[in-house]
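Working notes, structure below.
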Protein chains: 2
Amino acid sequence: MIRMKHPEHLSAVGPHPVRSTRPEFLGAPAPRFNGSSRELNKFFKALSDETRRNILRLLEQSEFTVGEIVGNFHLSQPTISRHLSVLKEARLVVDQRQGQHVVYRLSNDTLARSVSQFFRDFEQCQQILR
Amino acid sequence: MIRMKHPEHLSAVGPHPVRSTRPEFLGAPAPRFNGSSRELNKFFKALSDETRRNILRLLEQSEFTVGEIVGNFHLSQPTISRHLSVLKEARLVVDQRQGQHVVYRLSNDTLARSVSQFFRDFEQCQQILR
DNA sequence: TGAACCCCTGACCTAGCGGTTATGAGCCGC
DNA sequence: GCGGCTCATAACCGCTAGGTCAGGGGTTCA
């Protein structure tokens, strides 16, 4: 335990006494959400790039083809295609082939659910958000 | 404009007709949030790592010193220190030196505000979240 | 039927990320 | 004053990410 001049400043909760094997985090397992923290990894990874956030913002207005999405950026078509792939992997967008075009639309449900699930662990934040 | 067998399947909104210089995204500027999309970059980058999400979950319970946080993971102290630095950069945690110890606590306000701000652009998601 | 279009993926490049060990600055107790 | 503790950072390593060009599969249309 920590010994300090003013130990009352610290929490009463100490660290785990004994380290065991994996995983890295020793706390309670992640709350249920599509079965794993892997989904949250994909979700936040998808949103960690500004281009992908902007693609989502664009798709909030309407569904678009790849070419139309490309037309809103100064990036090459393969670049946008890559970003769409990451968003698809995170289930934030849904694609639908129409002839030689592929139309993408936002998956509002997943977007909302992912954030909602993440905040289940943050009671105080939920209160602030209300 | 796209010519297809069933063009009514696509949105009426076409891409920007003329590309100009930077930035990559040609749409409306990001909504106000601490002045820039740079903050959202830091925010989502911070959350894109599972260890950092778990640190935040831990801090939801109580404030902790670096050593106490380390005690809850199978990672080295410098690794945790790095993660805390990323979280601090995103203003998701606040640190306070107490002697040789540094105590970290969650910044619920920033956590809630960042997400709230991001969802300003997603009307449908806000409705789902309610 | 073949040329053009749309879009995805491989390969490559550069930069960044997440882990480690080593180390040093600052604090604390004796 | 010194040894030990706490914690941040440098350096290194392996891997991932985001951009490009090149190319190919599938679709469309004259």
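Two residues are said to be in side-chain contact when any heavy atoms from C-beta on lie closer than 4.5 Å; Arg53(A) and Leu40(B) meet this criterion. Phe118(B) places a side-chain heavy atom less than 4.5 Å from the side chain of Phe44(B). Taking 4.5 Å as the limit, some side-chain heavy atom of Val86(B) sits within range of a side-chain heavy atom of Arg52(B). Using a 4.5 Å heavy-atom cutoff, the side chains of Cys125(B) and Asn108(A) are in contact. Between Leu56(B) and Leu47(B) there is a side-chain heavy-atom pair separated by less than 4.5 Å. Considering only heavy atoms from C-beta on, Phe122(A) comes within 4.5 Å of Arg57(B) through its side chain.
A close approach under 4.0 Å does not occur between any side-chain nitrogen or oxygen of Ser76(B) and OP1 or OP2 of dG19(C). Contact annotation: His83(B) reaches the phosphate of dG19(C) (side-chain N/O to OP1 or OP2, under 4.0 Å). The side chain of Tyr104(A) contributes no N or O atom lying less than 4.0 Å from OP1 or OP2 of dC6(C).
Using modelled atom types, no side-chain atom of Gln127(B) and backbone atom of Gln124(B) make a donor-acceptor pair closer than 3.5 Å.
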Could you run down the sub-3.5 Å N/O contacts of the protein with nucleotides 11-15 of chain C?
residue: dA11(C); atom: N6; partner: Arg82(A); partner atom: NH2; Å: 2.5

Polar atom pairs (N or O), protein with nucleotides 14-17 of chain D, under 3.5 Å:
residue: dA17(D); atom: OP1; partner: Lys45(A); partner atom: NZ; Å: 3.0

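Here the C1' atom of nucleotide dG16(C) and the CD atom of Glu89(B) are 14 Å apart, to the nearest Å. Taking atom CG of residue Leu87(A) and atom P of nucleotide dG18(D), one finds them 10 Å apart after rounding to whole Å. Counting to the nearest Å, the P atom of dG18(C) and the CG atom of Asn41(A) are 11 Å from each other. The CD atom of Gln77(B) sits 14 Å away from the C1' atom of dA10(D) (whole-angstrom rounding). When rounded to the nearest whole Å, the span between CZ of Phe73(B) and C1' of dG18(C) equals 14 Å. What separates NE2 of His101(A) from P of dT28(D) is a distance of 9 Å, to the nearest Å.
When all heavy atoms are compared, the tightest approach of Val102(B) to Arg97(B) is CG2-NH2, 3.6 Å. What you find for Phe64(A) and Leu58(A) is that their closest heavy atoms are CE1-O, 3.5 Å.
The side chain of Pro78(A) has dT20(D) as its nearest neighbour among dT20(D), dC7(D), dT9(D).
Side chain Gln100(B) to base dC7(D): no donor-acceptor pair is found below 3.5 Å.
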